[in-house]
Amino acid sequence: MTTRIDIDGYLAEWLRAKWWDAAVGAVRFPCHSDVYELVYDLLQVRPRDVSPLDCGNLTLALPDRREGNYAWGKRPERHNYISQAGARVLNNRLRTMFWAEVHEAFDENKHIHGIDYKDTAYQLVARYSLTLISDDGLLKNYQRWRDRLRRKGKRGYIQAKKR
């Protein structure tokens, strides 16, 4: 069973490159990941007034906890809908995962392997076939994050008045 949701375009490209399951024709999250659990928690019974045809830019394979000897799990035949609010929650979680992976790749390549930041950005765009975000966009985001996280200059101290 699958469902479709609408998320940021670059995240959809990243997920298809990372977790695409050709047998199902959808993105399938590993059952040990927290995103799998999040999708499972967001699943609900499709409301009567919602069309059975989902629309969106990402097709997800629905988690089935019954496969893991959990008789009490949600049945994908019945619980096969993720609301717009649920899609926003999932989009925020996936965005956090994406940028964490990008920032880690920049740090690891620079400080462990000695690879330049621009080369790392190009590698990430090529590895995940990203067309909706550029290598300059990845690099700029990393630089903003790094500057915000790591202080560049010395902190100014205020001299205490002498008595």
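Please read these numbers as outputs of a predicted model, since none were measured by experiment.
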Option among Val27, Thr59, Val35 that satisfies the side chain to side chain contact (heavy atoms under 4.5 Å, CB included) test with Leu15: Val27

Shortest non-hydrogen contact from [X] toward [Y]:
| X | Y | answer |
| --- | --- | --- |
| Asn80 | Asp54 | O-OD2, 4.3 Å |
| Leu124 | Phe106 | CD1-CE1, 4.3 Å |
| Thr2 | Ala61 | CG2-CA, 4.2 Å |
| Leu43 | Pro63 | CD1-CD, 3.9 Å |
| Leu132 | Tyr10 | CD1-N, 4.0 Å |

Measuring from atom [atom1] of [X] to atom [atom2] of [Y], what distance do you get when rounded to the nearest 0.5 angstrom?
| X | Y | atom1 | atom2 | answer |
| --- | --- | --- | --- | --- |
| Lys118 | Gln123 | NZ | CD | 14.5 Å |
| Tyr122 | Ser134 | OH | OG | 13.0 Å |
| Trp14 | Asp8 | CH2 | CG | 12.0 Å |
| Leu60 | Arg28 | CG | CZ | 11.0 Å |
| Thr3 | Arg46 | OG1 | CZ | 5.5 Å |
| His113 | Thr120 | NE2 | OG1 | 9.0 Å |

Are [Y] and [X] connected in a single hydrophobic cluster, I mean Ile/Leu/Val/Met/Phe/Trp/Tyr linked by side-chain heavy atoms less than 4.5 Å apart?
| X | Y | answer |
| --- | --- | --- |
| Leu38 | Trp99 | yes |
| Ile5 | Val45 | no |
| Phe29 | Trp20 | yes |

Side-chain (Arg4) to main-chain (Cys55) donor-acceptor, under 3.5 angstrom: no

Lys110 side chain to Asp116 backbone, donor-acceptor under 3.5 Å: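 Absent.
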
Any heavy-atom pair between the side chains of [Y] and [X] that's under 4.5 Å?
| X | Y | answer |
| --- | --- | --- |
| Asp107 | Tyr142 | yes |
| Arg95 | Ile7 | no |
| Val39 | Leu42 | no |
| Ile82 | Gln44 | no |
| Asn141 | Leu138 | no |
| Pro30 | Tyr36 | no |

Side chain to side chain contact (heavy atoms under 4.5 Å, CB included) between Leu149 and His103, intermediate numbers included: CA-CA 12 Å; Leu149 187 68; His103 297 160; over 6 Å; no

Verdict with reasoning, Val89 to Asn92, per side chain to side chain contact (heavy atoms under 4.5 Å, CB included): CA-CA 5 Å; Val89 168; Asn92 291 339; 5.8 Å; no

Partner set under side-chain hydrogen bond (donor to acceptor under 3.5 Å, both in side chains) for Glu101, not counting sequence neighbours: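 Only Lys18, Tyr128 meet the side-chain hydrogen bond (donor to acceptor under 3.5 Å, both in side chains) criterion with Glu101.
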
With Thr131 via side-chain hydrogen bond (donor to acceptor under 3.5 Å, both in side chains) - residues at least two apart: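 side-chain hydrogen bond (donor to acceptor under 3.5 Å, both in side chains) check on Thr131 returns Glu13.
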
Sidechain N-carboxylate O distance under 4.0 Å for Arg93, Asp34: yes

Side chains of Asn109 and Tyr117, donor plus acceptor under 3.5 Å: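 No donor-acceptor contact under 3.5 Å links the two side chains.
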
Under 3.5 Å side-chain donor-acceptor pair for Arg88 and Asn91: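 Not at all, the side chains of Arg88 and Asn91 share no donor-acceptor pair under 3.5 Å.
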
Derivation of the side chain to side chain contact (heavy atoms under 4.5 Å, CB included) call for Val50 and Tyr81: CA-CA 9 Å; Val50 174; Tyr81 176 71; 3.6 Å; yes

Test log, rule side chain to side chain contact (heavy atoms under 4.5 Å, CB included), inputs Tyr40 and Lys74: CA-CA 8 Å; Tyr40 180 79; Lys74 294 179 182 179; 3.6 Å; yes

